[in-house]
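Chain letters run A, B, ... following the sequence lines, proteins first and then strands; every chain starts at 1.
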Amino acid sequence: VRGVAKHDEL
Amino acid sequence: MNIFRFAGDMTHLCSIVVLLLKIEATKSCAGVSLRTQELYAVVFVSRYLDLFFTFISVYNTVMKVFFITSSFCIIWYMRHHRIVSQTYDREQDTFRVAFLVVPCIFLALLVNHEFSMVEVLWTFSIYLESVAILPQLILLQRTFNVDTLTSNYVFLLGAYRALYILNWLYRYFTEPGYSQWIVWSSGTLQTAIYCDFFYYYVVSWRKNERLSLPS
């Protein structure tokens, strides 16, 4: 899996 | 942030406020599953650990702090409030949460974006949130209690999930490269469970209505 996803949701 | 995401966050926030107001106003938590509320607290704490590492926006931070404190507030009422705690259906609320927590831990260790402490805990919280309503669903099926779980609370929770799906669709079509399979699959499962919850709510409501009608 490619990198850490940006967790901008709550 | 799009309108669906914002409306989803607001309905989620309102559902918690409605539940708290209901408990405070009626001094009763009959029909509310403490196990579900405790799972939500675990979800929020494990997901919002990034409060200490990353800053996204003031909005984000305020909402995260609200979700954590309000979930602990509900738990405090149900466990320690002199009057409210006596109305808790502890004999009925017996769902074994380990059956949910343990599989979620293993799944988070196996399927994640990156094998790091914070990332695995975040993934665990996503998986756990999708099934955290189950003890509440079981309790509702056992007690058929719809007095304390108002139509507003159930409606707002369902609306929150539906709006988040619209938010994902909107972002998928407007943000190039936007994709998050873990959140999408868990969120879809969660919405399906809420639909089940809503179904039982309607059944309970209709049953109660029949029982309360004068013969």
Side-chain angles (χ1 to χ4, degrees), chain A, chain B residues 1-2 4-6 8-13 16 43-44 47-51 53-57 59-68 110-123 125-126 129 160 163-165 167-168 170-171 175 177-184 186-187:
Chain A
V1 190
R2 50 162 190 88
V4 183
K6 191 168 173 251
H7 305 317
D8 58 353
E9 289 173 353
L10 292 165
Chain B
M1 179 157 59
N2 60 69
F4 303 115
R5 155 83 198 281
F6 182 68
D9 286 347
M10 287 304 114
T11 47
H12 192 189
L13 184 144
I16 295 170
V43 164
F44 292 139
R47 186 176 312 165
Y48 300 153
L49 275 179
D50 68 349
L51 273 172
F53 310 106
T54 47
F55 176 79
I56 295 166
S57 65
Y59 170 83
N60 223 277
T61 304
V62 170
M63 292 293 278
K64 285 171 175 173
V65 171
F66 171 81
F67 283 135
I68 292 174
L110 289 171
V111 184
N112 52 54
H113 290 301
E114 188 191 81
F115 198 76
S116 69
M117 187 72 178
V118 173
E119 191 62 20
V120 168
L121 277 171
W122 178 87
T123 313
S125 83
I126 296 290
E129 189 192 354
Y160 148 61
L163 286 162
Y164 252 76
I165 286 183
N167 158 53
W168 296 332
Y170 181 87
R171 291 189 73 172
E175 287 178 36
Y178 173 81
S179 130
Q180 40 173 1
W181 285 105
I182 289 177
V183 174
W184 288 344
S186 307

- Message: Let me confirm one number: the NE2-CD distance from H7(A) to E119(B), rounded to the nearest 0.5 Å.
- Response: 3.5 Å
- Select one option (side chain, backbone, both, neither) describing which atoms of N60(B) are under 4.5 Å from chain A's heavy atoms. both
- Message: Can you confirm whether Y170(B) is buried at OH, in the sense that more than 12 heavy atoms of other residues, nucleotides or ligands lie under 6.0 Å from that atom?
- Response: no
- Item | salt bridge (Lys or Arg N to Asp or Glu O under 4.0 Å) involving R171(B) - partner list, sequence neighbours excluded | D8(A), E9(A), E175(B)
- Task: Starting at OH of Y59(B), measure out to CG of L10(A) and round the result to the nearest 0.5 Å.
- Result: 5.5 Å
- Options I56(B), I182(B), T54(B), ranked by heavy-atom pairs under 4.5 Å with chain A, top entry: I56(B)
- Message: Let's test your reading of the structure: which of F44(B), F67(B), W168(B) forms the most heavy-atom pairs below 4.5 Å with chain A?
- Response: W168(B)
